[in-house]
Amino acid sequence: MQGNFTYHNPTKLYFGEEAMSHLAGELKGYGPVVMLSYGGGSIKKNGIYDAVVAVLKETGKTIVEDPGVMPNPTYEKVMEGCHLVRDNKVDLILAVGGGSTIDYAKAVSASAYCEEDAWEKYWVKQGWPSCQTVAVGSVLTMVGTGSEMNGGSVITNRKAGFKLGKVFGPALYPKFTILNPRFTMTVPQYQMVAGFFDIMSHLMEQYFAGKADCTTDYLIEGLMRSLIHSSRIAAKNPQDYEARANIMWTATWALNTLLKCGKGGDWEVHQIGHAIGLVTDATHGMTLASVSLPYYRHVMQDGLHQFVRFATNVWGVRPEGKSDEQVANEGLSCLESWMKEIGVVMHSSELGVSEKNLQAVTDAVKILPVGYRTLTRDEVVEILRESM
Ligand code: NZQ
Ligand code: ZN
């Protein structure tokens, strides 16, 4: 293990088919006004909205309706939420949805009473809240981002020309999260497999960094193997509870700060994915899927030892009689086959990336000086062209 770190994750999780029975108890710990934030209406169709509202009424809460959080939530929407919080003196933001709704809730929490320009302060300058914040709780309905147990809040600001992530500290993690795998059964196949790839990407972003022997690598390999196994089952039969439940739990552990302990992290695939998301508004997990293979093939030589380890420990590639490069390439081919098997987007052109907007995408990519290789802007163009 490298470096010094503090591990503290304050989110309380309730997992399983009966998880909602804990919501009433949790709500008792907060004041009377609850802002119910949700997306474009899926929760009204599948009954989750009614179930949550029933508990809010039972516990005597005043409900402030906050619908319409879009995938890739915008800063404009965050500002609307801030008005609602201030006007109604909201005591708790209850986010019911996927990563977009939970990310949005954290953004509103940190920004509602911020006296500065919140975009500049948090997402551009990566500063910390110095104002009052509002407690966030969540009921997860779509698996992938890990937002249910972390401080991440990814916001799109088209006026500024960026989709940026801010990782807030534990004070802004959801205080509690309800994880009922049944709630995810109505997620459309495209979104579901996008979420599966998002999980894999979170694991790879943290795995492909550092050189030391590290317990965290063994944890990541175990989670990858579980994900690969269960995703194969769920892609064929989305109603398989066991597979969906395993994936839900894996997603939470893939990005709740545990796996960054003792390791650095790369996160360049996410930066390129965010730039594609900004320009095309494509589904997050699919943006990552479309650029991962070209990216990893590009940096493979720089982190060859880890790509060899990935091939052998995750995919079971036999190294006998092969060069390290052959083994590493075989690992990436296994990744490619799995991606095709579960049905993710393999080309960024399918998401709308073309020669016409290539410059706009490239300009929006944040280049991070971590991982095995710090890209140049020309290399970003090269990777994007290969991804089309
Ligand atoms: O809006 P509704 O109607 O709810 O429909 C949503 C949305 O269209 C639908 N959906 C969710 N649960 C459903 C359902 N449809 C039917 N049944 C259900 N049970 O799924 C669609 C996508 O939802 P969204 O919340 O956008 O998906 P996801 O969870 O993938 O979140 C994506 C956002 O999270 C950010 C991404 O960048 C993107 O903005 N991320 C957040 C991270 C974090 N907080 O740490 C890390 C990630 O890397 C990621 O960047
Ligand atoms: Zn992600």
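First listed ligand is number 1; within each ligand, the first listed atom is number 1. Side chains are part of it too, since the values below use all heavy atoms of this structure and drop only hydrogens, waters and symmetry mates.
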### Message
Does ligand 1 come near enough to I43 that some N or O of the ligand is less than 3.5 Å from an N or O of the residue?
### Response
no
## Note on the structure
the protein heavy atom lying closest to atom 36 (C) of ligand 1 turns out to be H284 CG, 3.6 Å
### Message
For R309, is there an ion pair with D324 - N to carboxylate O distance below 4.0 angstrom?
### Response
no
### Task
Could you list which atoms of ligand 1 come closer than 4.0 Å to a heavy atom of H274?
37 (O), 50 (O)
### Query
How far is atom 8 (O) of ligand 1 from its nearest protein heavy atom, and which residue and atom name does that atom have?
P71 CG, 3.8 Å
### Message
Using a 4.0 Å cutoff against the non-hydrogen atoms of N72, which atoms of ligand 1 qualify?
### Response
38 (C), 39 (O)
### Query
Does some side-chain heavy atom of L332 sit less than 4.5 Å from a side-chain heavy atom of R297?
yes
#### Entry: Residue G40 vicinity, atoms of ligand 1 by number, heavy atom under 4.0 Å
1 (O), 2 (P), 3 (O), 4 (O)
### Query
Heavy atoms, side chains only, cut-off 4.5 Å: are E80 and V108 in contact?
no
### Task
Around atom 6 (C) of ligand 1, find the nearest protein heavy atom and jot down its residue, atom name and distance.
S42 OG, 4.5 Å
#### Entry: Atom indices of ligand 1, in the order listed, that fall short of 4.0 Å to a heavy atom of S147
44 (N)
## Note on the structure
If we number the atoms of ligand 1 from 1 as shown, the ones under 4.0 Å from a heavy atom of N46 are 17 (N), 18 (C), 19 (N)
### Query
Should the proximity of H202 to ligand 1, defined as any heavy atom under 4.0 Å, be assigned to the side chain, the backbone, both, or neither?
side chain
### Message
Show, in sequence, the C-alpha distance, side-chain angles and deciding distance for I63 and V53, and conclude whether the side chain to side chain contact (heavy atoms under 4.5 Å, CB included) test is met.
### Response
CA-CA 8 Å; I63 304 171; V53 166; 4.0 Å; yes
### Distance-only N or O hit between ligand 1 and G41, under 3.5 Å
yes
### Message
For K340, is there an ion pair with E336 - N to carboxylate O distance below 4.0 angstrom?
### Response
yes
### Task
Report yes if some N/O of T186 lies less than 3.5 Å from some N/O of ligand 1; otherwise report no.
yes
### Residue and atom name of the nearest protein heavy atom (relative to atom 22 (C) of ligand 1), distance in Å to one decimal
Q191 OE1, 3.4 Å
### Query
Does E355 pair with R385 as a salt bridge, N-O distance under 4.0 Å?
yes
### Query
So which bit of M70 gets within less than 4.0 Å of ligand 1, heavy atoms only: side chain, backbone, both or neither?
neither
### Query
Can K12 be said to sit on top of F176's aromatic six-ring, NZ or CZ under 6.0 Å from centre and within 45° of the ring axis?
no
### Task
For atom 34 (O) of ligand 1, find the nearest protein heavy atom and state the residue, atom name and distance (0.1 Å precision).
T145 CG2, 3.4 Å
### Query
Can an N or O of T184 be found at a distance shorter than 3.5 Å from an N or O of ligand 1?
no
### Query
What part of P188, side chain from CB on, backbone N/CA/C/O, both or neither, has a heavy atom under 4.0 Å from ligand 1?
side chain
### Query
Within a strict 4.5 Å, meaning less than it, do heavy atoms of the R244 and M192 side chains meet?
yes
### Summary
So for K163 against ligand 1, with non-hydrogen atoms under 4.0 Å, the contacting part is side chain
### Query
Is any side-chain heavy atom of H284 less than 4.5 Å from a side-chain heavy atom of P71?
no
### Task
Report the part of L255 (side chain from C-beta onward, or backbone N, CA, C, O) that has a heavy atom under 4.0 Å from ligand 1; answer both or neither where that applies.
side chain
### Query
Any chance the rings of Y296 and F208 have centres within less than 6.0 Å?
yes
### Message
Tell me whether K163 forms a cation-pi arrangement with W123, defined as NZ or CZ under 6.0 Å from the six-membered ring centre and within 45 degrees of its axis.
### Response
no
### Task
Using a 4.0 Å heavy-atom threshold (strictly under), name the region of F183 that reaches ligand 1: side chain, backbone, both or neither.
backbone
### Query
Hey, mind stepping through K260 and T216 against side chain to side chain donor-acceptor pair (under 3.5 Å) and telling me if it holds?
CA-CA 8 Å; K260 72 172 187 183; T216 303; over 6 Å; no
### Message
Any salt bridge linking K366 with E268? Criterion: basic side-chain nitrogen under 4.0 Å from a carboxylate oxygen.
### Response
no
### Query
What about F310 and H305, are their ring centers closer than 6.0 Å?
no
### Task
For the pair Y190 and M286, evaluate side chain to side chain contact (heavy atoms under 4.5 Å, CB included) and give the outcome as yes or no after the intermediate values.
CA-CA 9 Å; Y190 183 89; M286 295 308 191; 3.5 Å; yes
## Note on the structure
The option among A95, P73, G99 carrying the non-hydrogen atom nearest to atom 28 (P) of ligand 1 is G99
#### Entry: Pairwise side-chain contact, E386 with Y295, heavy-atom cut-off 4.5 Å (strictly under)
no
#### Entry: Hydrophobic cluster identity match, M339 and L384, side-chain contacts under 4.5 Å
yes
## Note on the structure
re atom 32 (C) of ligand 1, the protein heavy-atom contact at minimum distance is S100 OG, 3.5 Å
### Query
Could you give the distance from NZ (K263) to SG (C214), rounded to the nearest 0.5 Å?
6.0 Å
### ligand 1 N/O within reach of V154 N/O, cut-off under 3.5 Å
no
### Query
Counting only protein N/O/S, how many atoms fall short of 2.8 Å from the Zn ion (ligand 2)?
4
### Message
Which residue and atom name correspond to the protein heavy atom nearest atom 23 (O) of ligand 1, and how close is it?
### Response
M142 CG, 4.2 Å
### Task
Report yes if the side chains of Y38 and K44 come closer than 4.5 Å at any heavy-atom pair, otherwise no.
yes
#### Entry: Distance flag for atom 13 (C) of ligand 1, protein heavy atom under 4.0 Å
yes
### Query
Can you list the atoms of ligand 1 that are under 4.0 Å from a heavy atom of H270?
48 (O)
### Task
Return the option from I102, V143, D103 holding the heavy atom at the smallest distance from atom 41 (C) of ligand 1.
D103
### Which segment of N150 sits under 4.0 Å of ligand 1 when only heavy atoms are counted
side chain
#### Entry: D50/K57 ion pair, N-O < 4.0 Å
no
